[in-house]
2 protein chains.
Amino acid sequence: MIKLSGYETAAHDHLDVTFAALADPTRRAILARLARGEASVMELAEPFAMTQPAISKHLKVLERAGLVSRGRDAQRRPCHLEARPLRDATEWLEGYRRFWSESFERLDGLIDELKSMGERDMTASDEQPGGRP
Amino acid sequence: MIKLSGYETAAHDHLDVTFAALADPTRRAILARLARGEASVMELAEPFAMTQPAISKHLKVLERAGLVSRGRDAQRRPCHLEARPLRDATEWLEGYRRFWSESFERLDGLIDELKSMGERDMTASDEQPGGRP
DNA sequence: TGGTTAGATAACTACTTGGGAATATAGAGG
DNA sequence: CCTCTATATTCCCAAGTAGTTATCTAACCA
């Protein structure tokens, strides 16, 4: 039997870098902050007991993962959230939904689930995106 | 201002280890295999150009992340998928759905989205869970 | 008992990562 | 020009990771 070396599908070969970027609490908090709108590096660094270069490094990781893009405003390099990789990651995870949701097969069950999803408490925690912009 | 050291919420403090576990293609492939049912370490190792100890290590990572649990069948230690952390990760990501889904606010849009989700092509790739059990 | 099979553990290497300190660059505004 | 501010880069270190080979343990089987 042929041993697999490249068993990644083209559709998902950036999941590595996406999930790796999401595996750090500082970076998830940065994303949560950016969900409330653009922010400069200084603004992003402010809540953390961490030096600015450390934040810059986290931003580079997020940038490589395509999760943030950056503009230019004089000396500032404002960051903003790019959700596309999050969508891809979510889609990958959705493939496993049936393993925790017994009603997955029933469409009305799905609809109920989605309704409650739409209603669910979005109260901001440091790890969750903030209120609607 | 108080610098945050523990900015993780209790609800999500295992996201670190979950996302880290998902950041490796071998481990995602193992999960996809386990989505089709229990498997022994040997069975899991077979498709990979990798030694058995390497697979054992990946399994330990997945086990620490709570993504697999293991039973005992004579010498075999069958693994099976534990989806709970996947659910938590998905829920965290769903908090960002509005950033890629313009129709997020409209419930009927959500329902449409979910319908197509239920119907969508689940053709097995190495990175996706297999067919319905 | 001994042998075989499944799996875990250990020891090692090469590479990456998250952090800090110090320094460098870039642009704004005297 | 010089200086201040925002950000990036470089160098260093400790720790973690992904893989290897070799060895150990545990359970079955003859």
Side-chain angles (χ1 to χ4, degrees), chain A residues 3-8 13-31 33-34 37-65 67-80, chain B residues 3-8 13-31 33-34 37-65 67-80:
Chain A
K3 294 293 181 177
L4 304 176
S5 51
Y7 37 80
E8 292 251 62
D13 51 2
H14 47 302
L15 286 177
D16 274 38
V17 73
T18 302
F19 282 130
L22 295 179
D24 185 282
T26 302
R27 289 192 291 261
R28 288 197 304 277
I30 287 174
L31 292 181
R33 168 63 187 81
L34 292 179
E38 278 203 351
S40 69
V41 177
M42 284 306 191
E43 286 164 357
L44 290 172
E46 197 275 335
F48 299 101
M50 208 177 292
T51 59
Q52 167 264 315
I55 299 295
S56 277
K57 281 199 205 170
H58 281 302
L59 288 173
K60 198 149 71 177
V61 172
L62 291 168
E63 214 176 347
R64 269 198 320 144
L67 284 162
V68 312
S69 60
R70 331 197 49 176
R72 169 71 83 175
D73 165 32
Q75 306 104 314
R76 289 168 204 94
R77 308 290 313 279
C79 305
H80 96 268
Chain B
K3 294 293 183 177
L4 305 177
S5 51
Y7 36 80
E8 292 253 62
D13 51 1
H14 47 300
L15 285 177
D16 275 38
V17 73
T18 302
F19 282 131
L22 295 179
D24 185 282
T26 302
R27 289 192 291 262
R28 289 198 303 278
I30 287 173
L31 292 181
R33 167 63 188 82
L34 291 178
E38 279 201 351
S40 69
V41 176
M42 284 307 190
E43 286 164 356
L44 290 172
E46 197 276 333
F48 299 101
M50 208 176 293
T51 58
Q52 167 263 314
I55 299 294
S56 277
K57 281 201 204 170
H58 282 302
L59 288 173
K60 198 149 71 176
V61 172
L62 291 167
E63 213 176 350
R64 269 198 320 146
L67 284 161
V68 311
S69 60
R70 331 197 48 176
R72 170 69 83 175
D73 166 33
Q75 306 105 311
R76 289 168 202 94
R77 309 289 315 278
C79 305
H80 96 267

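Scope of the values below: all heavy atoms of this structure, side chains included, with no hydrogens, waters or symmetry mates. In what follows, chains are A, B, ... by sequence order, proteins preceding strands, each numbered from 1. All of these numbers come straight from a predicted model, not from anything done at the bench.
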> Which is true for B:K60 with a 4.0 Å heavy-atom rule: it touches a base, it touches only sugar-phosphate, or it touches nothing?
Replying inline: sugar-phosphate
> What's the CG-C1' distance between A:L59 and D:dT7, to the nearest Å?
Replying inline: 10 Å
> Could a donor-acceptor pair under 3.5 angstrom be found where the side chain of A:Q52 meets the base of D:dA6?
Replying inline: no
> A:T51 has a side chain; which of C:dA21, D:dT7, D:dT5 sits nearest to it?
Replying inline: C:dA21
>> For the CD1 atom of A:I30 and the NE2 atom of A:H58, what is their distance to the nearest 0.5 Å?
In response: 6.5 Å
>> Output the rounded distance in Å from CZ (A:F48) to P (C:dG18).
In response: 14 Å
>> Any side-chain to backbone donor/acceptor pair from A:R77 onto A:G71? Under 3.5 Å, distance only.
In response: yes
> Is there a donor-acceptor pair under 3.5 Å between the side chain of A:R33 and the backbone N or O of A:A45?
Replying inline: no
> 5'-most contact on DNA chain C: A:A74 or A:K57, nearest heavy atom basis?
Replying inline: A:K57
> Which nucleotide sits closest to the side chain of B:V41: D:dT20, C:dG7, C:dG27?
Replying inline: C:dG7
>> In whole Å, I'd like the distance from the CG atom of A:D16 to the P atom of D:dT17.
In response: 15 Å
> A:S56 has a side chain; which of C:dA8, D:dA18, D:dT9 sits nearest to it?
Replying inline: D:dT9
> Taking the side chain of B:Q75 as its heavy atoms from C-beta onward, which of D:dT7, D:dC28, D:dC11 lies nearest to it?
Replying inline: D:dC28
> Considering only D:dA8, D:dA18, C:dG18, which nucleotide approaches the side chain of A:D24 most closely?
Replying inline: C:dG18
>> Closest approach to the side chain of A:R76, judged atom by atom: which nucleotide of D:dA8, D:dT7, D:dA18 is it?
In response: D:dT7
>> At 4.0 Å (heavy atoms only), tell me whether B:M42 reaches a base, stays on the sugar-phosphate, or touches nothing.
In response: sugar-phosphate
> If you check the A:P53 side chain, which of C:dG7, D:dT7, D:dT9 turns out closest?
Replying inline: D:dT9
> Just by modelled atom types, is the B:L22 backbone N or O under 3.5 Å from a matching donor or acceptor in the B:R27 side chain?
Replying inline: no
> C:dG7 P sits how many Å from B:R70 CZ, rounded?
Replying inline: 8 Å
>> Check this one for me: any side-chain N or O of B:R27 less than 4.0 Å away from OP1 or OP2 of D:dA18?
In response: yes
> Under 4.0 Å: is that the gap between some side-chain N or O of A:H58 and OP1 or OP2 of C:dT17?
Replying inline: no
> Got a second to check how far A:C79's SG is from A:E38's CD, nearest 0.5 Å?
Replying inline: 8.0 Å
